[in-house]
Amino acid sequence: MTTLHEPAVPTAADALSVWPASAIEPREGELTVGGVPLSEVADRFGTPVYVIDEDEVRERCRTYRHAFPDAEVLYAAKAFLCRAMVHWVAEEGLGLDVCSAGELELAVTTGFPPERIVLHGNAKSPRDLDTALRLGVGRIVIDSPSEIARLAAAVGPHGHQKVMVRVVPGISAGGHEKIRTGAEDQKFGLSISDGYAQHAIARILDQPQLELTGLHCHLGSQITSVKPYLAAVRRMVGLLARLHEQHGLVLRELDLGGGHGIAYRPGEPALDLTTLARKVRAELAEACTAAGLAVPRLLIEPGRAIAGPAGIALYHVLSVKRTGAHTYVAVDGGMSDNPRPALYGVRYAPRLVGRHSGAAPAPVTVVGRHCEAGDILAADVELPDDIRPGDLLAVPAAGAYHLSMASGYNMVGRPPVVAVDDGHARLLIRRESLEDIRSRDVGL
Ligand SMILES: Cc1ncc(COP(=O)(O)O)c(C=O)c1O
């Protein structure tokens, strides 16, 4: 039994708590996900490679639908998108949130119903808007005053487009300053406090071809507490009430964005969806009743919480270097396939897979292969003391904002994505080859 002051000894189950539910250790040193040994994925597809557990993605979509039965759940494509993901999300009954013509076209050409798609973006390009109108996107979220006239002109006097307005509720939340988007004075949305949101709404109401269906806000990312969402509900309902008073306007939708936090390492908190759903619904009902408003339909846009825990990044160790103070374990990927530690200081829990080591755990820093001292994937983590070149390392919670944020740095090429399901592995996205890189370079 542990006392209050003794740290709990992590159990084998704790160690897999941030892995897909299908992850098991059939024998010491081997780890299978979706019924496929990770060492087999590495042998077959090479490394670095991203592995995505299809069932985990689908199950997470179902958990959302179950927790929010009356809401429209839109998967935020920016977390990770490919054609298989589009299928899974569509089949599980979710909508889609996209933020570029690229994401939108991929989804629609894969067969995703455009009316279930919402287009975001703080600075939509002419191509984004033209593509959205051409493909018949469900709603466009207006993010700046100039977008109103541009969109109205593009829709034309006889056209029709549903829109929402991205509102800045003035609430700071999220795992890092760079991903807090609900506070004042950042590039997203239109503020309630300086009146820009109200002004934009009045202008939209003057455009008969634009139908304002509701308000949107997105507080930030990697939020692990329900409280900021409840504060957002109150602010947004306050604005709905003012709009009703001033314009007699009844808006039937309220989109609270995404940002639901996940655990990257065992023991870290994640946002509890059931509590979020229950408390947000209650807060919304109470605030609307107090304001004499009908309760709008809720929309939510989770990205990370659907894709993140379903993904794993696999690397081979290329070198182990012991300096005075540190042991640097260098792998065959790095900041080009995972910029998140360098961008936001995110901490991961890599693990040796593919062989059993009886060596004691020792502190190491896992670094990438890129020409930058800040190319650190996991600082001060524990790996077996006999870690050596050729070993395989697996990084859990790597399904969101890894491939979608991957870069071309050092021309190493972006890793492939392999889906695992029911004992089978299949390639979803192939590795970016040197030929791919060369073929884009067309001038001399
Ligand atoms: C408008 C909007 N919705 C949803 C999301 C998804 O956020 P998360 O992946 O943290 O759930 C983002 C992330 O940037 C966003 O900007």
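Every number for a ligand or one of its atoms is a count from 1 in the order of the listing.
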I need the nearest protein heavy-atom contact for [atom]: residue, atom name and distance, please.
atom                    : value
atom 4 (C) of ligand 1  : Glu301 O, 3.2 Å
atom 5 (C) of ligand 1  : His218 CE1, 3.4 Å
atom 14 (O) of ligand 1 : Lys78 CD, 3.5 Å
atom 10 (O) of ligand 1 : Ser221 OG, 2.2 Å
atom 9 (O) of ligand 1  : Tyr401 OH, 2.6 Å

Check whether any heavy atom of [X] sits under 4.0 Å from an atom of ligand 1.
X      : result
Ala79  : no
Phe188 : no
Gly259 : yes

May I ask you to say whether [X] pairs ionically with [Y], meaning some side-chain N is under 4.0 Å from a carboxylate O?
X      : Y      : result
Glu432 : Arg440 : no
Arg139 : Glu72  : yes
Lys78  : Glu301 : no

Partner of Glu92 under salt bridge (Lys or Arg N to Asp or Glu O under 4.0 Å), picked from Arg65, Arg116, Arg62, is Arg62
Counting only nitrogen or oxygen atoms and a 3.5 angstrom limit, does [X] reach ligand 1?
X      : value
Gln222 : no
Ala305 : no
Asp97  : yes

Please confirm whether the ring centroid of His120 lies under 6.0 Å from the ring centroid of His216.
yes
CG of Asp185: more than 12 outside heavy atoms within 6.0 angstrom?
no
In short, Val155 meets His160 closest at the heavy-atom pair CG1-N, 3.4 Å
Which residue pairs satisfy the ring pair (Phe, Tyr, Trp, His ring centres under 6.0 Å) criterion with at least one member in residues 219-256, sequence neighbours excluded?
Tyr229-His260
